[in-house]
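Being a predicted model, the structure only gives us computed values, none of them experimental.
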Amino acid sequence: MHKSCHGLRGLHLGSCSERMDPHFSTEENLLNAIDGLELMSLNRKDECCGFGGTFSVFEEAISVKMGKDRMQDHIDSEVEVITGADHSCLMHLEGLINR
């Protein structure tokens, strides 16, 4: 489960690690209600994907590096499918996977 920066920090869909709040995740709660689905735990659960709208245009190299780091965390955690609530994050990660 990729947790986007906008979802965590803007929409408050989950707790952010830098705030040291008790853990909660609206998205995880919904997905945990699906029988047979196993959510994998990532090393850096709230790491940004690097997209950030125009950030990915004006800071392309940083954006790509952040996305590759995010993908590596999913690979290291043996994730088979990546999902999330932010389509721009998923589009950015898919683009990196396809390249």
Side-chain angles (χ1 to χ4, degrees):
M1 168 87 207
H2 171 70
K3 299 181 179 194
S4 73
C5 296
H6 294 100
L8 289 175
R9 291 161 184 87
L11 299 174
H12 307 289
L13 296 176
S15 55
C16 304
S17 60
E18 68 269 13
R19 291 186 52 144
M20 308 297 274
D21 292 335
H23 175 73
F24 76 95
S25 172
T26 303
E27 299 157 320
E28 285 180 21
N29 290 346
L30 288 170
L31 291 172
N32 281 325
I34 300 172
D35 288 335
L37 181 74
E38 178 186 1
L39 285 178
M40 305 301 290
S41 182
L42 301 174
N43 294 317
R44 299 182 329 211
K45 292 183 179 191
D46 60 350
E47 185 79 14
C48 182
C49 75
F51 182 70
T54 58
F55 174 81
S56 64
V57 175
F58 295 115
E59 299 291 347
E60 180 183 359
I62 297 170
S63 174
V64 168
K65 176 66 172 133
M66 290 173 74
K68 286 182 176 181
D69 287 348
R70 190 68 184 137
M71 289 306 311
Q72 191 60 52
D73 195 10
H74 284 83
I75 291 166
D76 292 345
S77 300
E78 300 181 1
V79 170
E80 293 179 16
V81 175
I82 300 173
T83 191
D86 191 319
H87 290 123
S88 60
C89 289
L90 296 176
M91 178 188 68
H92 179 60
L93 296 174
E94 180 183 30
L96 293 169
I97 290 168
N98 289 335
R99 281 194 235 32

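- Checking each of Glu94, Met71, Met1 against Ile82 for a side-chain contact (heavy atoms from CB on, under 4.5 Å) leaves exactly one that passes, namely Met71.
- Under a cut-off of 6.0 angstrom, the local environment of CD in Glu60 is sparse, with at most 12 non-hydrogen atoms contributed by other residues, nucleotides or ligands.
- Partners of His2 by ring-ring contact (aromatic ring centres under 6.0 Å, His included), not counting sequence neighbours: none found.
- A donor-acceptor pair is defined here as one N or O able to donate and one able to accept, closer than 3.5 Å; such a pair exists between the side chain of Asp73 and the backbone of Asn43.
- In this structure, SG on Cys5 lies 12.0 Å from CG on Leu11, to the nearest 0.5 angstrom.
- Under the 4.5 Å side-chain criterion, counting only non-hydrogen atoms from C-beta, Leu31 is in contact with Thr83.
- One finds the OG atom of Ser4 at 7.0 Å from the CG atom of Leu13 (value rounded to the nearest 0.5 Å).
- Put simply, NZ on Lys45 and OG on Ser77 are 10.0 Å apart, with the number rounded to the nearest 0.5 Å.
- No continuous path of hydrophobic side-chain contacts links Leu90 to Val81 [ILVMFWY only; heavy atoms under 4.5 Å].
- Considering every non-hydrogen atom in both Phe55 and Met66, the closest pair reads CE2-SD, 4.0 Å.
- Under a 3.5 Å cut-off, the side chain of Ser56 and the backbone N or O of Gly53 do form a donor-acceptor pair.
- In this structure a side-chain-to-backbone donor-acceptor pair under 3.5 Å is present from Arg99 to Gly95.
- For the pair Leu42/His74, a side-chain contact is recorded, criterion being any heavy-atom separation below 4.5 Å from C-beta on.
- Within 6.0 Å of CG on Asp35 lie no more than 12 heavy atoms contributed by other residues, nucleotides or ligands.
- Counting non-hydrogen atoms of other residues, nucleotides and ligands closer than 6.0 Å to NE2 of His23 gives a total above 12.
- Between Ser63 and His92 there is a side-chain heavy-atom pair separated by less than 4.5 Å.
- Checked by atom type and distance alone, the side chain of Arg44 never pairs as donor or acceptor with a backbone atom of Arg70 at under 3.5 Å.
- Side-chain atoms of Asp69 and Glu47, non-hydrogen and from C-beta on, never get closer than 4.5 Å to each other.
- Val79 and Leu39 fall into different hydrophobic clusters, where Ile, Leu, Val, Met, Phe, Trp and Tyr residues are linked whenever their side-chain heavy atoms come under 4.5 Å apart, directly or through other members.
- To the nearest 0.5 angstrom, Leu96 atom CG is 12.5 Å from Gln72 atom CD.
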